[in-house]
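Following: one structure in structure tokens, then a few remarks.
Ligands are counted one by one from 1 in listed order, and the atoms in each one are counted from 1 as well. Counting from 1, the numbers follow the sequence of the chain as shown. Just so you know, these numbers come straight off a predicted model, no measurement behind them.
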Amino acid sequence: MEKTDGLTQDDLAAINKILEDNGEDPGRMVKVLQDVQKVLGYVPLAGQRFVAQRLKIPVSRIHGIVSFYNFFRKSPPGRHSINICMGTACYVRGAKYVLDEIRTEYEVEPEETTADGKFSLEVLRCLGCCAIGPVMSVDGQIYGRMKPTKVKEVLEKYN
Ligand code: FES
């Protein structure tokens with residue numbers, strides 16, 4: 001499929017539809033960008049440029065919004081999604097050390113994807129199973145009582 005600035009014609013058509021649905025209103029930018037993320041899985045720079053052109057506003061304004069809100073992904077989602085709970089119950093039991101292990105061993109930061117495209121990393125506030133914290137989930141599968149030393153053993157199960 002032909003790509004324009006990294007986006008396919010289908011991607012561009014989807015973004016055009018989102019802009020039309022939102023009245024091409026720069027005041028609805030957060031909603032527009034959330035919708036773009038729903039369709040593409042993230043908000044690529046090319047998508048930000050396209051939206052800026054269509055609304056005749058500086059791309060820096062859109063980039064500022066995407067950078068400010070941590071729920072916007074700037075890179076494509078990985079094949080597997082890792083969520084680390086940093087809610088209070090998990091945090092006091094050492095969730096930060098589990099997160100640090102993933103950051104160091106897999107060279108990935110929250111809201112990013114590993115260089116090989118295998119894992120996306122997200123930090124959440126509570127996964128609803130505080131009694132078995134620290135909790136990590138991979139593609140929705142919950143792993144409780146996590147320790148830094150268990151990270152590799154769990155993630156090796158995923159291809
Ligand atoms: S605080 Fe981590 S599951 Fe509730």
Roughly how far apart are L155 CG and I82 CD1, rounded to 0.5 Å?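 Result: 4.5 Å between the selected atoms.
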Look at the side chain of N83 and the backbone N and O of S137, then say whether any donor-acceptor pair between them is shorter than 3.5 Å.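 Not at all, since once roles are kept as given, no pair shorter than 3.5 Å links the two residues.
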What do the steps show when you test K38 against D35 for salt bridge (Lys or Arg N to Asp or Glu O under 4.0 Å), and what is the final call? CA-CA 5 Å; K38 263 187 221 154; D35 289 350; 3.6 Å; yes
Tell me, please, which residues at least two apart from K152 pass salt bridge (Lys or Arg N to Asp or Glu O under 4.0 Å).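 K152 satisfies salt bridge (Lys or Arg N to Asp or Glu O under 4.0 Å) with E105 only.
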For residues 114-132, run the donor-acceptor check on the side chains, cut-off 3.5 Å, and write out each pair with its distance to 0.1 Å, sequence neighbours left out.
from: T114; atom 1: OG1; to: D116; atom 2: OD1; distance (Å): 2.6
from: T114; atom 1: OG1; to: K118; atom 2: N; distance (Å): 3.2
from: T114; atom 1: OG1; to: F119; atom 2: N; distance (Å): 3.0
from: T114; atom 1: OG1; to: F119; atom 2: O; distance (Å): 3.4
from: D116; atom 1: OD1; to: K118; atom 2: N; distance (Å): 3.0
from: K118; atom 1: NZ; to: Y158; atom 2: O; distance (Å): 2.9
from: S120; atom 1: OG; to: G78; atom 2: N; distance (Å): 2.4
from: S120; atom 1: OG; to: T113; atom 2: OG1; distance (Å): 3.3
from: E122; atom 1: OE2; to: R73; atom 2: NH1; distance (Å): 2.3
from: R125; atom 1: NH1; to: M86; atom 2: O; distance (Å): 3.1

2.8 Å shell around atom 2 (Fe) of ligand 1, exclusive bound, protein N/O/S atoms: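 If we list every protein N, O or S atom nearer than 2.8 Å to atom 2 (Fe) of ligand 1, we get 2.
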What side-chain donor-acceptor pairs closer than 3.5 Å can you find for residues 61-71, not counting sequence neighbours?
from: H63; atom 1: ND1; to: Q48; atom 2: OE1; distance (Å): 3.0
from: S67; atom 1: OG; to: H63; atom 2: O; distance (Å): 2.9

